Engineer: 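Shown below is the structure under consideration.
Below, all heavy atoms of this structure are taken into account, side chains as well, without hydrogens, waters or symmetry copies. None of these values were measured; they are calculated from a predicted model. Letters A, B, ... are given to chains in the order of the sequence lines, protein chains preceding strands, and every chain is numbered from 1.
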Amino acid sequence: MDYTQGRGRILANVEVAPDHYRMEIEAPFVPERALPGQFVMVKVTDGLAPVLRRPFGIYTINEARGSFEMIYRVVGEGTRLLSEMADGVDIDVLGPLGNGFNLDLAGDQPLIVAGGVGVPPLFSLAQGLIGKGKKPVVIIGGRTADDLLSLDAFRAIGIEPLLATEDGSSGYKGYVTAIMEERLDDGKIPSAVYSCGPKLMLRRVGEIAMSRGIPCELSLEAIMACGFGVCLGCVVKTCSSDGSSEHDFSRVCCEGPVFDAKEIIWDEA
Amino acid sequence: MDYTQGRGRILANVEVAPDHYRMEIEAPFVPERALPGQFVMVKVTDGLAPVLRRPFGIYTINEARGSFEMIYRVVGEGTRLLSEMADGVDIDVLGPLGNGFNLDLAGDQPLIVAGGVGVPPLFSLAQGLIGKGKKPVVIIGGRTADDLLSLDAFRAIGIEPLLATEDGSSGYKGYVTAIMEERLDDGKIPSAVYSCGPKLMLRRVGEIAMSRGIPCELSLEAIMACGFGVCLGCVVKTCSSDGSSEHDFSRVCCEGPVFDAKEIIWDEA
Amino acid sequence: MRPDLSVNLAGLELKNPVMTASGTFGYGLEFDPFFDIGQLGAIVVKGLSLKPKAGNPPPRIVETPAGMLNAIGLQNVGVDVFLNEKMPELREKKAPVIVNFFGNTEEEYVALAEKLDGVDGIAALEANISCPNVKAGGIAFGTDASVASTLIGKIRKSTSLPLIVKLSPNVTDIKVMARAVEEAGADILSMINTLTGMSIDVRTRRSNLANMTGGLSGPAIRPVAVRMVWEAAKSVNIPIIGIGGIVSAEDALEFILAGASAVQIGTASFISPTAAIDIVKGLERFLADEGISRLSDMIGALEG
Amino acid sequence: MRPDLSVNLAGLELKNPVMTASGTFGYGLEFDPFFDIGQLGAIVVKGLSLKPKAGNPPPRIVETPAGMLNAIGLQNVGVDVFLNEKMPELREKKAPVIVNFFGNTEEEYVALAEKLDGVDGIAALEANISCPNVKAGGIAFGTDASVASTLIGKIRKSTSLPLIVKLSPNVTDIKVMARAVEEAGADILSMINTLTGMSIDVRTRRSNLANMTGGLSGPAIRPVAVRMVWEAAKSVNIPIIGIGGIVSAEDALEFILAGASAVQIGTASFISPTAAIDIVKGLERFLADEGISRLSDMIGALEG
Ligand SMILES: Cc1cc2nc3c(=O)[nH]c(=O)nc-3n(C[C@H](O)[C@H](O)[C@H](O)COP(=O)(O)OP(=O)(O)OC[C@H]3O[C@@H](n4cnc5c(N)ncnc54)[C@H](O)[C@@H]3O)c2cc1C
Ligand SMILES: Cc1cc2nc3c(=O)[nH]c(=O)nc-3n(C[C@H](O)[C@H](O)[C@H](O)COP(=O)(O)OP(=O)(O)OC[C@H]3O[C@@H](n4cnc5c(N)ncnc54)[C@H](O)[C@@H]3O)c2cc1C
Ligand SMILES: Cc1cc2nc3c(=O)[nH]c(=O)nc-3n(C[C@H](O)[C@H](O)[C@H](O)COP(=O)(O)O)c2cc1C
Ligand SMILES: Cc1cc2nc3c(=O)[nH]c(=O)nc-3n(C[C@H](O)[C@H](O)[C@H](O)COP(=O)(O)O)c2cc1C
Ligand code: FES
Ligand code: FES
């Protein structure tokens, strides 16, 4: 539980795709301790609408600059207000929060499967894996070519992501999981799978990985009030990953956002 | 009831004194019909905090530019948000509202007594009176020199305002009403008195004018929800100005904001 | 194809489900500068009493987080002035007029209902029972099921117009109130009226309202209102008009899914005078976007 | 001179009137990364039951205008785990610990009170009576005066600790509830718990909460809470702890002027983990600025 609430300063807030923004925030307490897969809670206004903070995954961790980046999609009032914030202004940041990915999952050929705004947190994961000498394969999906985030960032670290779009406007026409299954059927078996994105995608990714006995970590989303474990609002139904104990509720903000695929009881989550 | 709700565009929003801003808004439907003493209701946010519009007196009416100006003091969340609005952005304006001053009150030597943010609406009045060939004398008061608004604007139309500050940092040390009384005692009797400013000042100005039988109009403030007569929230206790009828409640936004001093029943207003 | 927004409330046919809420739309005519009020489902006018009422001393309103408190004190011109001076012009509009009314005794309610019965152009009556019952020591008519029931029974006998009863939310169990009022003869329920609240100026140490307390309205109360409509809809068989903090078409649909057949727009009309008509347009757009042909299919269609 | 913030609630001496609200501050220790929780007037922990409780399925929370709904379902570790695993560490902090607790039967309440009685480091008990009474068909203990009175009478006999009773706002007349609970032996009242509300996703046609309804908290409910504290304070002679939508020192002072001797900070701790301690500092500043030497002089000092 090593997180801080403090003032950050917006270094950049630029539209990187239609309705998608990348924000860089100088707040040294975040990069100092952040792990891939962790998130921050930011205040989008000094007023009361919206009243709660908003959670965002950490996209890049820049210790040297004392900053981190996040990428967000404008979906409602909170993200709209965020998108209107100017460079140089202060922003209240709480983080880094959550558990983050386990970079030491089996083997050195991990597979990363990312969809929509689930892509950014997996970029810092890819960096971390490469730092450990691993060679991640990355599949990125979206509804349309515009939704495929951070491709250049992956390329800059030497990864050429495999692409899937629902409308076929870029890469494979269909879901990321089709690419994933095809690769598995071709005998390209990853040592581990990491995934972040829409709920249905996560569930399918987890099922595929588990059915082949591949270790798999999934990063979940949930509506959050506090982000640091006290409201008990963000739970998902889980069992222990060896399946031994009774099912129970786990907090996405503390026990997660990253869970072993085996832990999630989807029908009740 | 000739007012409109529509989008305006902010042409300028500049700090003119500590915590005081002048905002120019392009919204042709306001200058087209505005009278000195009328006001507008503006939305300070697209969100829900604060939820209600905020009323501001009209400072200048610029038909040629299709714009009007207002001067406001930052006192709470609404005016804070207003002060942060950038040039060029849209703002939702409802107006012009209220009755405005009667420029045809007796004689051509009117006296204008203004305090604090009550000054701006009286500037357009002064312009109007001059337009009618009258020669208004203007007394302006504030807590300190910084609070004395729009002095240059008055000077630019040929009026040298008499000044009063509570701390003596500019002009007479004390209240505007002291200057007013001194002038009356010196036999400088205005043909009519117009006033806008803090409640206690208005009350005193009205009492002085009435005690000498001088016609007097006062512009009142009230907390307003709608500004166009339907919430019944903004009332003051009044009687008809000839004192004949029963007292009753009048809406500051419709029957006012300008009232004959004789109409106001202060003890219950 | 344009979606069908029409609804039928116990025989009251409305071209769309959007009405104005009493006390927030004046006598209707005040909105003429903004839009054609004839386009609304119905117009509910400021609550009327037998005699004109001066209302409470100021300050009467104060803003609160996502809401406002009001203590207008039911100021109104009285039923006679309304019928003589406002009604003729209102009759010209194409929207049904619903008259909200209240009394301090059962007799006053009954006298008003009789007076309004059969007036040309009045489509329905809405009884506001959140008022203090003078005889019962000032306790509101609307917070005791048996008091409310007796009152509504008497009003019912005094008018042939559709009778809407507007419920107070300041009760332990809205289901009990709803059923009592239904059994006593109400044709339609409207809910909710304001929640009682208070706000204090900590520097002057005074209430921000001369009346000390006031009625809370606006988006802040919407969750309470939606819940009460949902509970009431499961308990009665008469149609419900949902009220409370509606500022958008989506907000209106929350009430409709919860079981309301129509809605009233209150505080939102202060924020934006065109709020009610904007919500009509928003509903049309929502239905078109979602491929829903009839709004009435959404009434009570909440799942789960 | 530093203003004196201390208050005395029926013998419970607090260095300042600011507590945390149950369910919004975990078991206290979660706030260690943010500030020294020993600086607070008191800490109220998440509501405890006899056995651990898993709570409701998700989604459990949703934001609303200036507020939020929650349907956590009183998830908690159970009294034994609390006493064994949390209490030892909490005892080290300098803030009095108040234990919030609830049951589904009178027997469960009594058993909990007995178990908590005399535990070293527990300064007071807070009975949450907003819970469904299993025997009375699920009606909340806190919405019927005689049911509440019987319950409190039994709890009173089972503990020598100061007994705080936390009132539900979902009642017609809070004064009746307050008096009933006072007569039954409560030492202190705390109020308000959440207002029941609901919020619907109009596209999926489902409630935003798996439990359908939830409890509304946050600034939206403050006017209702202040009004209820004011009404209760005029009706009882025991001290009151004000709760509901407090996010600033000024908000806290509204409750104190209305008659509360202390306050609890709930939802605000989610928005800003340091909210409670910031409010302590804000009170100190307010009193210094206004030249008031003792906060206790402001209790119930509302004029008008
Ligand atoms: C751990 C975590 C990491 C996240 N990382 C990112 C990220 O890197 N980039 C990004 O764009 N988004 C991310 N999200 C989602 C993001 O928090 C929501 O999109 C945002 O809070 C919506 O706020 P709003 O006010 O704009 O929308 P609202 O008006 O609040 O809601 C609009 C829609 O978004 C949904 N929503 C609201 N809050 C959340 C939430 N906490 N989680 C999921 N859906 C929500 C609502 O149900 C609604 O359908 C993350 C969420 C979590 C829990
Ligand atoms: C007809 C009219 C004309 C006005 N003209 C001007 C003007 O030209 N320039 C200017 O600076 N101000 C003017 N005001 C006052 C201005 O409306 C308020 O200062 C503003 O609404 C405060 O909003 P806020 O959100 O910043 O403050 P809030 O947080 O709402 O309140 C801060 C303080 O301001 C007071 N206040 C809030 N609303 C009003 C109101 N409607 N009237 C008076 N006091 C209020 C509150 O009681 C509180 O003490 C006028 C008011 C009226 C009624
Ligand atoms: C200023 C004001 C005056 C009101 N007057 C009345 C009234 O005369 N009769 C009545 O039944 N309800 C009255 N109400 C209640 C509204 O009709 C409505 O029930 C309530 O405001 C909740 O809806 P809202 O949140 O959309 O405003 C009034 C509300 C406000 C804000
Ligand atoms: C997420 C959440 C959980 C809560 N859990 C409890 C609880 O366990 N016991 C209890 O008495 N009150 C509980 N409450 C109610 C709060 O203690 C408080 O009474 C209420 O939230 C109003 O205060 P606020 O507006 O400051 O949040 C809970 C509130 C929230 C928001
Ligand atoms: S968001 Fe509050 S416990 Fe997870
Ligand atoms: S502000 Fe609504 S009637 Fe005047």
Engineer: Which answer fits T64(C), side chain, backbone, both or neither, if we ask what part of it has an atom under 4.5 Å from a heavy atom of chain D?
Structural biologist: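 Side chain only.
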Engineer: Is L209(D) in contact with chain C via its backbone, its side chain, both, or neither, using a 4.5 Å heavy-atom distance?
Structural biologist: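 Neither part.
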Engineer: Could you tell me which portion of L302(C) (side chain, backbone, both or neither) has an atom closer than 4.5 angstrom to a non-hydrogen atom of chain D?
Structural biologist: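 Interface part for L302(C): both.
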Engineer: Nearest 0.5 Å, please: how far is CD in E231(C) from CE in M198(D)?
Structural biologist: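 Going from the CE atom of M198(D) to the CD atom of E231(C) covers 9.0 Å.
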Engineer: Need one label for I174(C): side chain, backbone, both or neither, based on atoms under 4.5 Å from any heavy atom in chain D.
Structural biologist: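 The answer is neither part of I174(C).
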Engineer: Taking NZ, NE, NH1 and NH2 as the nitrogens, is one of them in E303(D) or R206(C) under 4.0 Å from a carboxylate oxygen of the other?
Structural biologist: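 Counted as a salt bridge, because a side-chain N and a carboxylate O are separated by less than 4.0 Å.
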Engineer: For S199(D) and E254(C), which heavy atoms make the closest approach, and how far apart are they?
Structural biologist: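 Looking at all heavy atoms of both residues, the closest pair is CA-OE1, 3.4 Å.
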Engineer: Pick one: which of T172(D), T143(D), D173(D) meets side chain to side chain donor-acceptor pair (under 3.5 Å) with T172(C)?
Structural biologist: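 Output: one option passes, namely T172(D).
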Engineer: Highest number of heavy-atom pairs under 4.5 Å with chain D: which of P223(C), G197(C), P219(C)?
Structural biologist: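 Ranked by contacts with chain D, first place is P223(C).
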Engineer: So for E290(C), is it side chain, backbone, both, or neither that comes closer than 4.5 Å to the heavy atoms of chain D?
Structural biologist: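 Contact with chain D involves the side chain of E290(C) alone.
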Engineer: Please classify the contact of A258(C) with chain D as side chain, backbone, both or neither, using a heavy-atom distance under 4.5 Å.
Structural biologist: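 Both backbone and side chain.
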Engineer: With chain C, which of S207(D), G218(D), A301(D), P65(D) has the greatest number of heavy-atom pairs at distances under 4.5 Å?
Structural biologist: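 Looking at each of S207(D), G218(D), A301(D), P65(D) in turn, P65(D) comes out on top.
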Engineer: Quick one, I200(D) and V226(C) - any side-chain contact, counting heavy atoms below 4.5 Å?
Structural biologist: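 Yes. Closest side-chain heavy atoms under 4.5 Å.
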Engineer: Where on L69(C) is there a heavy atom nearer than 4.5 Å to chain D: the side chain, the backbone, both, or neither?
Structural biologist: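 It is the side chain, since no backbone atom gets that close.
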Engineer: Determine, stepwise, if the pair L216(D) / R222(C) fulfils side-chain contact (heavy atoms from CB on, under 4.5 Å).
Structural biologist: CA-CA 10 Å; L216(D) 184 64; R222(C) 193 168 60 235; over 6 Å; no
Engineer: Using heavy-atom distances under 4.5 Å, tell me whether F286(C) contacts chain D through its side chain, its backbone, both, or neither.
Structural biologist: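 Only the side chain of F286(C) comes within 4.5 Å of chain D.
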Engineer: Is there a side-chain contact between R203(C) and E250(D) (heavy atoms, below 4.5 Å)?
Structural biologist: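 Heavy-atom side-chain distance check passes, below 4.5 Å.
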Engineer: Heavy atoms only, distances under 4.5 angstrom: which of I221(C), T196(C), L195(C) has the most pairs with chain D? Name it, please.
Structural biologist: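 Answer, by heavy-atom pair count under 4.5 Å with chain D: T196(C).
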Engineer: Considering only heavy atoms from C-beta outward, does the side chain of R205(D) approach that of M298(C) to under 4.5 Å?
Structural biologist: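 R205(D) reaches M298(C) side chain to side chain.
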Engineer: Below 4.5 Å, heavy-atom pairs only: which of T213(C), L257(C), L253(C) has the largest tally toward chain D?
Structural biologist: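 Ranked by contacts with chain D, first place is L257(C).
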